[in-house]
2 protein chains.
Amino acid sequence: MISMKTKYALKALGFLARAQGKDAFLIAEMAAAENIPKKFLEAILLTLKNQGILASKKGPGGGYSLAVAPEALPIGRVVRAFEGDLAPVPCLGDGAPVKCTECEDMATCGTRLVMADVKTAVTTVLDGVTLKDMLDRSEVERQKQSKTIDYTI
Amino acid sequence: MISMKTKYALKALGFLARAQGKDAFLIAEMAAAENIPKKFLEAILLTLKNQGILASKKGPGGGYSLAVAPEALPIGRVVRAFEGDLAPVPCLGDGAPVKCTECEDMATCGTRLVMADVKTAVTTVLDGVTLKDMLDRSEVERQKQSKTIDYTI
DNA sequence: TTAAAGTCTATAATTCCTATAGACCAAATG
DNA sequence: CATTTGGTCTATAGGAATTATAGACTTTAA
């Protein structure tokens, strides 16, 4: 299960990507628009900024904006900002592999071998979809939905 | 990240699959052999039994045994026993879909669309590998390792 | 210089995970 | 049929992570 932080982050990024008019948006605006607890969103946006995904400007007229174009931002990058490397087991982490406490031999561990495939599968999906792709797919579903409604009225 | 329960479960199942001689093994035996806290393992084995993966016999000479052949037991079934359906978001659960609290429209939610692909990717891997497959792969790695050692000595 | 707006630290409330204790129940065997 | 072996169930404790809030601090534009 992904965390609230990740889900809120994706909502907030979607908001920014869709509203490409203004150059910066207030935390309060985004919180209100997407129904996210303001103080919680604050921390989330800060993380996204530290990851280089968002840019911010302080002071009057300031706010947050995308630092990366929606078509250049893989969803995997956003998810990793909050869920860490997408390792199902510690020994499959991206940096120096951390042996599980209960594991005798990392190299031959069956669980590890299988979970390595899981990790590959997950990252392949998440790194293959950009923020723009996600919004487009959402839009397609919305079209389908309204079309269905047109027919049924 | 998968839980200790899942990892311990896979270790215990591997132990039973490898030791196909006796008909039943004691919790205490398995706990000792695989270095798992006995009381904790107790709860794990009970879950596996309730899932129909293990069978048990009480009383003297009793113990646990596999209720499913290793080649007929997908790892996904074991993981699901402890991690639940492998839904990255509640709205992708196997039963009646539970709408996320923060979600406005499930049908068009971009996060949900992407996570559906993730779920498919994960389940495809986990349901495509049996306990036997896992042990075989582990054995292959062990062979590789000993071969390497032979050369270096 | 003052008000706007992001940044940082601390902390509360809740939930989940890991693990242990102990009472209880079922079955085999003499 | 009683005793002993061994699985079953309930409760619970400790700790870590998650979700969220409060408030002080810093930067910057006008």
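The basis for the numbers below is simple: all heavy atoms, side chains too, and nothing from hydrogens, waters or symmetry mates. Protein chains get the first letters and strands the later ones, always in sequence-line order, with residue 1 at the start of each.
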Comparing A:Gly61 and A:Met4 on DNA chain D - which has the more 5′ nearest nucleotide: A:Met4
Given C:dG22, C:dC25, C:dT7, identify the nucleotide with an atom nearest to the side chain of B:Glu42. C:dG22
Does B:Tyr8 make a side-chain N or O approach to OP1 or OP2 of C:dA19 shorter than 4.0 Å? yes
B:Leu46 has its side chain closest, among C:dA19, C:dA5, D:dT8, to D:dT8
Does A:Lys49 reach the main-chain N or O of A:Ile53 with its side chain, forming a donor-acceptor pair under 3.5 Å? no
Sugar-phosphate only, base, or nothing, as touched by B:Leu45 at under 4.0 Å among non-hydrogen atoms: nothing
For a quick check of understanding: with a heavy-atom distance under 4.0 Å over all strands, which category does B:Phe82 fall into, base, sugar-phosphate or nothing? nothing
In whole Å, what is the span from the CE atom of A:Met30 to the C1' atom of C:dG6? 13 Å
Grab the two heavy atoms, one from A:Tyr64 and one from A:Leu16, that are nearest each other, plus how far apart they are. O-CD2, 4.0 Å
Please determine, for the side chain of B:Lys39, which listed nucleotide (D:dT19, C:dT20, D:dA29) has the closest atom? C:dT20
Using a 3.5 Å distance criterion without hydrogens, assess whether the side chain of B:Asp85 forms a donor-acceptor pair with backbone atoms of B:Asp94. yes
Pair A:Arg137 + A:Asp133: basic N to acidic O under 4.0 Å: no
Which of D:dG7, C:dT7, C:dT18 is nearest the side chain of A:Lys49? It is C:dT7
Heavy atoms only, 4.0 Å cut-off, all strands: where does A:Lys57 land among base, sugar-phosphate and nothing? sugar-phosphate
